Every structure is written in structure tokens, then in C-alpha cells.
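This report refers to the structure that appears directly beneath it.
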Amino acid sequence: MEKVFALVDCNSFYASCEKVFNPTLEDKAVVVLSNNDGCIIARSKEAKDAGVKMGEPAFKIKDILEKKNVQVFSANFALYGDMSQRVMNVLSKFTPDLEIYSIDEAFLDIPGMKENELVLYAQKIRNTVLQWTGIPVTIGIARTKTLAKIANHIAKKSEKLKGVLSIIDEQSIEKALQITPVEDVWGVGQKYCAFLRSHGITNALELSKANDSWIKKHLRIVGLRTVEELRGKPCIAFDITVADKQAICTSRSFGQPLTDYADLEEAVSTFASRCAEKLRHQKSCASVMTVFVMTNLFAKDPKYVNGKTVQLAVATNNSSEIISHAVTLLKLLFKKGYKYKKVGVILAEFIPESEVQQSIWDNMNREKQSELMGVIDKITSTMGRDVVKFAIQGTKKRWKLRQEKLSPCYTTKWEDILTIDIDKE
DNA sequence: TCTGGGGTCCTAGGACCC
DNA sequence: TCTGGGGTCCTAGGACCC
């Protein structure tokens, strides 16, 4: 029997997370902003109805937000990450074959059933997730991932489908493809959309009927896979294993532009330390590091973008070593007189911790250092980040984000835990 | 005043080798 | 007018995703 995929996607995930712990937000328009309270990255249904667009810079639509009484939140990734885990936990009760695709989406490989049973099963999943976590989800069911995405998309928009749509038979697939604009197809971004439309392909059905060699020529192999998937032939594998990352990056735009080297050094060493932490988490060591700096590219001030890469003699995941390399690179990059807006640290070319090649020139006691990192990681996981840190990371934090509307970390910080007043009526 | 952050995969073209 | 051919590896850049 052919496989059937269910794509479970949380509705307006970040906005829904904010609503779970704050009942006064029910039925209210809620939006969540990107880091530095920059642009809109999530909108509740009410906010969408109010005409708030995805990706819009908040300052540009300040008037609409105020006029329509939209509740605005700074991104609280600690909360969203934890809520995501809870949702995935519930899903894993239904099947071991769960591919966590992103913070708010998972593909489920569901066992062979008749179509009406599939829909009932999906309804049950949906109700359970809502009851156990407070997060509403939508489920799309089909024989390929790309089609499941399309089913999900349609189900999101239609009230009467009650959050579940299955497209298994030819007829329902064709109908679904017909009403799906080509830009809503998974794998078709801005560039490809413009190209396809300029050649008269406006919906998913037309795309599914396009000529193979023409697609391959212009949309490459990836585009051809998308087309095959639309035709019902699975080309994107189902993979429940969590792959180790091939690159780890920590970067931020600052809440205010910075001109002093010392402030950048605090930021770069903090990001480097965070990268090292992520690297140890997956038990890898990095052989290559890049640091980049940039000024605000939107402002009229002089622009400067630059990056430098270093090959490490011995692959490492040691924080102090990674920080010291990062600072060396920053010193090479820093030029006086610019207003820096963003810096970042990227680690790459990983090898497993256990397979690191030693160097005869290496005079570091790696065993002792590794024990130290273990202790630091333990303290971080039980007592919170930055309880212990390296002196160079500093305390001024002038680089910190602007987060003026941050909600409490209801589920990950003891002091933010929800309290309920039972004396009141 | 204010425009996110963190990833993946694929391809073309250059360097280099025999 | 001709200027080898075929292979691998690496890198930068472009497309996409959430």
C-alpha cells in the first residue's frame, strides 16, 4: 500500500502560544514581532482579518495596529520552543513515524486506512493537541508531502473543513491544485513565481502539467521534484532521524547602532559562546569559523559589510577557544567610524567530538577543558543561561535586542510561572 | 527612530590532476 | 583555423524553507 502523509501545522503558532497563557487575548487580534521588534512574523486569525500583512515592518503599520487594537508582542522564543516540544510530544503518542519539520510543523506517516477513517483519525489528533496543549492545529493528508502541504493550506482557509482536509483521489487532488495559486506551492518562492507567471502558469494544476525538460532547465532538479510531487509521485523522502547541523550560526541585529570596539567584542564573544554551546549539544567539533560585521544597510550612513574566515588547527567545541578565535577575527574586521548594526559568528565543517585529530603543536589540556565545558553546560541547563559566563562577554550588553513587549516565559522560568487567584469571583 | 534569524540544497565555474 | 579530454574538488552565489 502506498504511503499516506499527514502534515500537522500549528495555526498562527507564535500568536497562539501567547494566547494560551493569557485568556484576555481570546478573540483579540495578536501579532508577534521579530527580534528588535522589527517586523511582523506571526498573526492571529483576527489580525489577518484586520489586514495586517506578514513580514511588514511594525513602524510602517503603527496606525493600523493602534486603530484596530491589535495586541503586539516581542518574540519570546523560549516560550515557543517549549510549546513546540509539548505539541510534538502529543503527536508522538499517535505514531512513532514523526518527522519534525520545523518549530510548528510535523509530517506523520499514518497507517493504511480508508479515507473517511483517515479524516476521523486526524480529527482525533487535532482535538487531543488542542486539549493537551491549548494550541490549535490544521492537518492536511495526501500521498506526497507537497500535496499534504496544499491540503493543509486549503484546510486553514476553510471554516467548514474543521481543520482537516484529505486529498487522496484524483478528483479531489485536481480540484485542490486548481484553486492553489502557483506561489502557494511548497518550493515555489518569489523568483520562480514571477518566472512561472510570466509564462502563463498561474496555479498548481498548470504547474503539474508543465513540460519536464522545460521545468528542469529553468527550475532545476528541485523544481522538477516539486512538479512530480504535485502529480502524486513521492520525491521528497520521509525522514524521522534528526540530522546533525552542518553549520551553526548565531547573529543578531542590535537594538541600537554600536560604534565602540568594546561593545562589539562583548557581542561577538557572547555569540561565539552560544555557538560553542550549540555545537557541544550535538557532540561535534568545528574546523572552520567565520565572523561577519555589518552596518545598517537601510540607513544613509556609510555602509560596511565584511567577513573573515579562519581554519582551526585542531577542531574544537571549547568555548574559550572559539571565543578567542572569534575576537581575533573581529579585530581584523573592525574599522573605526562605522555604526555597526549586526554581527554574527558561523561555525562549519564539523567532525564528531570523538574523532578529533590532535596536533603536535597543540599545548592545550583538552581533557580538562572538556570537563570544564561539561560543568558549564550543566549549570546552564539547570540554572539558566549566563549564570556562568566568560569575563570577555561583559556586562554592559549595549548590543541587546529591543524587546519592549515581551511576554513572560510561562513554561521555562520559575519566576514567570502563571499564578491563579482563586479568591476572586 | 524602527526592516529577523537560522538553516538547506543545488549549480556553475575555476583550479587542478592525469 | 586550430589550441585534448575527462574527471574531481572546492567555492560563491542563488534559490528555497520556516
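The basis for the numbers below is simple: all heavy atoms, side chains too, and nothing from hydrogens, waters or symmetry mates. Note that the structure is a prediction, hence the values are computed from the model and not measured. Order of the sequence lines fixes the chain letters, A, B, ..., with proteins taken first and strands second; residue numbering starts at 1 for each chain.
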*Of A:Leu205, A:Ile150, A:Leu147, the residue whose pairing with A:Ile173 passes side-chain contact (heavy atoms from CB on, under 4.5 Å)*: A:Leu147
*Qualifying residue, where the test is side-chain contact (heavy atoms from CB on, under 4.5 Å) with A:Tyr410 and the options are A:Asn76, A:Asp416, A:Asn22*: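 Only one option passes, and that is A:Asn22.
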*asked:* Less than 4.5 Å apart, side chain to side chain, heavy atoms only: is that true for A:Asn35 and A:Arg252?
replied: yes
Around atom [atom1] of [X], are there more than 12 heavy atoms from other residues, nucleotides or ligands closer than 6.0 Å?
X	atom1	value
A:Lys405	NZ	no
A:Lys303	NZ	yes
A:Lys156	NZ	yes

Distance, rounded to the nearest Å, where [X] contributes [atom1] and [N] contributes [atom2]:
X	N	atom1	atom2	result
A:Glu277	B:dG6	CD	C1'	16 Å
A:Ile41	B:dT3	CD1	C1'	13 Å
A:Asn36	B:dT3	CG	C1'	10 Å
A:Tyr14	B:dG4	OH	C1'	10 Å

Under 4.0 Å from OP1 or OP2 of [N]: is there any side-chain N or O of [X] that close?
X	N	value
A:Lys342	B:dT3	no
A:Ser251	B:dG6	yes
A:Thr250	B:dG5	no
A:Gln246	B:dC9	yes
A:Arg225	B:dC9	no
A:Arg252	B:dG6	yes

*Option from A:Tyr340, A:Phe271, A:Phe254 for which ring pair (Phe, Tyr, Trp, His ring centres under 6.0 Å) with A:Trp399 holds*: A:Phe271
*Base, sugar-phosphate, or nothing: which does A:Leu297 touch, judged by heavy atoms less than 4.0 Å apart?*
nothing
*Once Watson-Crick and G-U wobble pairs under 3.5 Å are found, how is DNA chain C written in dot-bracket notation, 5' to 3', with | for any base paired to another strand?*
....||||||||||||||
_DNA chain C contacts among residues 60-79 of chain A, heavy-atom distance under 4.0 Å_ =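 Hits under 4.0 Å, by residue number: none.
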Give every donor-acceptor pair under 3.5 Å between a side-chain atom in residues 131-140 of chain A and any protein atom, sequence neighbours left out.
from, atom 1, to, atom 2, distance (Å)
A:Thr133, OG1, A:Val129, O, 2.7
A:Thr133, OG1, A:Ile135, N, 3.1
A:Thr138, OG1, A:Asn11, OD1, 2.7

Which atom pairs, one a donor and one an acceptor, fall under 3.5 Å between side chains of residues 53-60 of chain A and the rest of the protein, sequence neighbours left out?
none

*asked:* Can you tell whether the side chains of A:Arg197 and A:Glu183 come within less than 4.0 Å, N to carboxylate O?
replied: yes
*Summarise how protein sits on nucleotides 13-18 of chain C as a single string, 5' to 3': B when a protein heavy atom is under 4.0 Å from the base, S for sugar-phosphate-only contact, - for no contact.*
--SSSS
Would you list the atom pairs, donor with acceptor, under 3.5 Å between side chains in residues 94-109 of chain A and any protein atom, with sequence neighbours excluded?
from, atom 1, to, atom 2, distance (Å)
A:Thr95, OG1, A:Asp97, N, 2.9
A:Glu99, OE1, A:Lys145, NZ, 2.7
A:Glu99, OE1, A:Asp239, N, 3.1
A:Glu99, OE2, A:Lys145, NZ, 3.3
A:Ser102, OG, A:Asp104, N, 3.3
A:Ser102, OG, A:Asp104, OD1, 3.0
A:Ser102, OG, A:Glu105, N, 3.4
A:Ser102, OG, A:Glu105, OE2, 3.3
A:Glu105, OE1, A:Lys149, NZ, 2.6
A:Asp109, OD2, A:Lys3, NZ, 2.7

_Nucleotide nearest A:Ile221 (side chain, heavy atoms from C-beta), chosen from B:dG5, B:dT3, B:dC10_ =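 So the side chain of A:Ile221 is nearest to B:dC10.
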*Does the ring centre of A:Tyr14 sit less than 6.0 Å away from the ring centre of A:Phe73?*
no
